[in-house]
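Before any comments, here is the structure.
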Amino acid sequence: MSKAQPVFALIDCNSFYASCERVFRPDLARVPIVVLSNNDGCVIARSYDAKPYVKMGEPYFQIKHKLQKHGIVPFSSNYALYGDMSERVMTLIESMVPAVEVYSIDEAFADLTGIDGRDALGRKIRSHVLRCTGIPVGVGIAHTKTLAKLANHTAKRLQAQTGGVVDICDPFKRDWVLRNTDVAEVWGVGRKMKLHLDAMGIKTAMDLAKADPWTLRKKFSVVIEKTARELVGTPCLELDEPDPPKQEICCSRMFGKRLTELAPIKEAVATYMMRASEKLRAQQSLCKKIRVSIRTGMFNPEEAKYANGVLIDMPYPTDDVRLLTKAAVDALDRVFRPGFKYSKAEVLLMSLCQQGEYTDDMFATSQPIDTTKLMVVLDQINGRWGRGTLRSASVPVNPDWGMRREMMSRSYTTKLDQLWTVLCQ
DNA sequence: TCTGGGGTCCTAGGACCC
DNA sequence: TCTGGGGTCCTAGGACCC
């Protein structure tokens with residue numbers, strides 16, 4: 001007997017950040033809302049009823065008046081809240097299906113191979129997640145990941161007709177969706193690829209499904225070849241193993257205002273390194289190389305532009321925040337040029353290896369000092385009492401270059417002093 | 001005079017995703 | 001005045017080897 005054809009579900013939270021905000025603000029259930037990026041820069045999420053008025057990525061300062069005019073309420077992004085709500089949603093999904101790959105903060109693939117009553121299960125997941133967390137999700141079901149994405153997209157587009165669940169394992173339904181979807185909506189087709197495909201007369205998802213995979217591979221790459229094969233139902237992508245350790249870890253952020261002096265930039269880099277090294281230790285990795293870079297603003301033609309970075313080789317792989325911070329901060333002297341208005345710094349941890357995989361260098365001049373215990377205690381304290389409770393002295397508490405977040409909601413689920421207050425009469 | 005070819009490893013950069 | 005952040009994968013090209 002041949003192996004059962006695989007079945008994937010893609011479960012995706014609707015307007016996730018906006019939905020999270022609404023859970024704790026029932027008074028805004030019928031008021032359109034948007035969520036802004038760090039520094040209240042641009043729009044990164046819109047509730048369903050805000051979509052007709054606001055485009056994704058629109059700069060906040062340009063649309064303030066428009067928001068007011070339509071009564072749209074803006075929020076600064078509150079990642080502590082979204083991260084915690086995401087964990088709750090994913091835990092519920094994991095309890096209902098045999099295998100899950102958490103793909104992003106608001107999406108998960110599930111393996112539904114060999115399961116009867118897929119549509120009913122999809123609806124059950126939807127109602128269960130909604131009841132337990134208040135977050136609405138859409139479910140797309142198909143024989144490949146790329147098709148499941150497309151099914152999910154259709155479920156959202158035709159919410160009223162589909163109830164948020166679409167199964168296109170049936171070839172007739174699949175072809176209907178392929179014919180009625182623009183190729184730009186296909187997972188893996190971005191802005192550039194859309195232009196190339198357009199020139200070849202490939203307009204719909206169906207056109208791409210019918211294109212010759214070998215030609216696509218020769219002309220572009222194996223990535224788009226796989227996409228085309230997945231569209232006709234040939235699986236090229238599997239359900240990934242949970243959480244393989246990252247190969248690079250990055251922390252970069254715009255400053256809350258332009259910086260011209262070296263000292264505050266050093267503070268920022270120390271702060272970003274604190275966060276990056278937390279992530280490094282959370283996945284039990286060590287880091288051998290660091291890249292630190294700084295840049296000026298890119299949009300304002302009046303401002304002089306400068307961007308530069310420096311690569312630092314650590315003498316041995318480490319996860320010690322003190323060593324990493326010193327190396328990064330010292331290296332800034334080499335890239336900082338006076339006379340520019342800096343807007344952003346970035347810390348990148350590279351050449352990662354797992355703890356225990358690494359062998360000491362017999363001839364190295366400086367030998368590793370075992371700081372594992374110290375770092376474990378550091379992470380325990382910060383895990384219990386909040387990030388930044390224990391930190392290096394180079395990291396300020398309330399820097400004046402910090403993020404602008406003027407419209408942030410409370411950390412309803414992660415901070416004891418910000419819990420919801422319910423009044424009983 | 002004639003001046004190969006195939007392989008690996010590393011890095012930078014492009015494209016894409018959410 | 002004010003335009004996000006954090007990733008992955010693939011490819012091309014250079015250095016180096018035999």
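Each chain gets a letter, A, B and so on, in the order its sequence line appears, and its residues count up from 1.
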In whole Å, I'd like the distance from the CD1 atom of A:Ile44 to the C1' atom of B:dC17.
15 Å
Shortest side-chain distance from A:Val222, nucleotide among C:dG4, C:dC2, C:dT11
C:dT11
Phosphate-side-chain proximity, A:Lys279 and C:dG7, N/O vs OP1/OP2 below 4.0 Å:
yes
P gap between B:dT3 and C:dC18, integer Å
24 Å
Ranking C:dG5, B:dA15, C:dC2 by distance to the side chain of A:Lys192, first place goes to B:dA15
If you measure from the Lys or Arg side-chain nitrogens to the Asp or Glu carboxylate oxygens, is any gap between A:Glu230 and A:Lys226 under 4.0 Å?
no
Closest to side chain of A:Asp106, choosing from B:dC18, C:dT3, C:dC9:
B:dC18
Let me have DNA chain C in dot-bracket notation, would you? Count Watson-Crick plus G-U wobble pairs, both distances under 3.5 Å, and use [ ] for pairs crossing earlier ones and | for inter-strand partners.
....||||||||||||||
What nucleotide among C:dG7, C:dT3, B:dA15 has an atom nearest to a side-chain atom of A:Arg258?
C:dT3
Tell me which of A:Lys226 and A:Arg275 sits closer to the 5' end of DNA chain C, going by the nucleotide each one is nearest to.
A:Arg275
When all nucleic acid strands are considered with a 4.0 Å heavy-atom cut-off, which category describes A:Lys64: base, sugar-phosphate, or nothing?
nothing
If each of A:Arg217 and A:Met254 is mapped to the nucleotide of DNA chain C with the nearest heavy atom, which maps nearer the 5' terminus, i.e. the 5' end?
A:Met254
Round to a whole Å and report the spacing from CZ of A:Arg404 to P of C:dG5.
11 Å
With heavy atoms under 4.0 Å as the rule, sort A:Ile249 into base, sugar-phosphate or nothing.
sugar-phosphate
